[in-house]
Amino acid sequence: TADDSGTFDESMLEMGADSDPHLNAITRTESGKLLIMGERGAGFLSADEGATWRKVQLEYKGSMFGVISLGGERVVSFGLRGNVYESNDAGATWTKQDSGTQASLLGGVMNDKGDVAIVGGNGTLLLRKADETGFTAKHLLLSAGQTPSFTSVTPASDGFLMASDMGYVHYRVQ
């Protein structure tokens, strides 16, 4: 249980032989549940505005850098080596998704149409339109042939804007 300052105690952070995992991202489901994802496939779920937390665990033991709410209790988490996991029950159970990449995934967002974009290293953009079930991997190059490393993404009126180590990229969704 987190104390009044919001800090987890040692027993809450214990993850086998290691403790104190880095927590990298947080989202809120439609019902108000909070889900935090971090290192070693570790997650923490709260149904009471963070007063108490319970552990959730992916089968993958690597770092997850992001988590986004997809509506209802659906969430998707993404991270190291192109790993993407989706849950329909706020993180209680997870299903591995094929990302089509080994690049680390660092940012993600869902637009108001329900399209999901996840971005990462090596110019990686994973796209899933609202009416689709799987992601399509794209590796984007800048006009000069450079490969950006995308760190975050936000919706645009006609697609997505992505921030990278080489500036921003505007990707239009057809």
Contact summary for A25 and G66, nearest pair of heavy atoms: CB-CA, 3.5 Å
Does a side-chain heavy-atom distance below 4.5 Å link L126 with Q97? no
Backbone N/O of T95 and side chain of E86: donor-acceptor pair under 3.5 Å: no
S152 (side chain) donor-acceptor with G107 (main chain) under 3.5 angstrom: no
Before you tell me yes or no, could you show the steps for N122 and T124 under side-chain hydrogen bond (donor to acceptor under 3.5 Å, both in side chains), namely the whole-Å CA-CA distance, both residues' side-chain angles and the distance that decides it to 0.1 Å? CA-CA 5 Å; N122 199 27; T124 300; 5.2 Å; no
What pairs with K61 under side-chain contact (heavy atoms from CB on, under 4.5 Å), at least two apart in sequence or on another chain? Q57
Side-chain contact test, heavy atoms from C-beta onward, threshold under 4.5 Å: evaluate it for V56 versus L35 and give yes or no. yes
M64 side chain reached by N24 side chain, heavy atoms, under 4.5 Å: no
May I ask you to test the K96-N83 pair for a side-chain heavy-atom distance under 4.5 Å? yes
Give, for atom CD1 of I68 and atom CZ of R74, the distance between the pair rounded to the nearest 0.5 Å. 10.0 Å
So, for S99 and G82, which heavy atoms are closest and what is the spacing to 0.1 Å? OG-O, 2.6 Å
Spacing of L161 atom CG and H170 atom NE2 [to the nearest 0.5 Å]: 5.5 Å
Pairwise salt bridge (Lys or Arg N to Asp or Glu O under 4.0 Å) hits with a residue in residues 132-145, at least two apart: none
For residues S87 and A92, report the shortest heavy-atom separation together with the two atoms involved. OG-N, 3.9 Å
Please answer whether the main-chain N or O of S149 pairs with a side-chain N or O of D165 as donor and acceptor at a distance below 3.5 Å. yes
Hey, could you give me the OG1/CD1 distance between T101 and I118, rounded to the nearest 0.5 Å? 11.5 Å
R172 and D158 have their tightest heavy-atom pair at NE-OD2, 3.0 Å
Distance from L141 atom CG to T147 atom OG1, nearest 0.5 Å? 4.5 Å
Are E49 and K33 ion-paired here, with the side-chain N under 4.0 Å from a carboxylate O? no
Please determine whether residues Y60 and F65 belong to a single hydrophobic cluster, defined as Ile, Leu, Val, Met, Phe, Trp and Tyr linked transitively by side-chain heavy-atom distances below 4.5 Å. yes
L140: hydrophobic cluster co-members (side-chain, 4.5 Å): V109, V119, L125, L127, L142, F150, V153, F160, M162, M166, V169, Y171, V173
Apply the test side-chain contact (heavy atoms from CB on, under 4.5 Å) to residues V75 and T27: give CA-CA distance (whole Å), side-chain angles for both, the deciding distance (0.1 Å), then the verdict. CA-CA 8 Å; V75 294; T27 196; 4.1 Å; yes
Is the Y85 ring parallel, tilted or perpendicular to the W94 ring (thresholds 30°, 60°)? perpendicular
Nearest 0.5 Å please: distance from the CG atom of L106 over to the OG atom of S164. 11.5 Å
Nearest atoms (heavy-atom pairs only) where A130 meets K113: CB-O, 3.1 Å
Nearest non-hydrogen partners of M110 and S69, listed with the distance: CE-O, 4.1 Å
Look at the side-chain heavy atoms of Ile, Leu, Val, Met, Phe, Trp and Tyr, link any pair under 4.5 Å apart, and say whether V67 and L45 land in one connected group. yes
Modelled atom types, side-chain donor and acceptor of E73 and T29, under 3.5 Å: yes
Would you say V84 and L105 make side-chain contact, with heavy atoms under 4.5 Å? yes
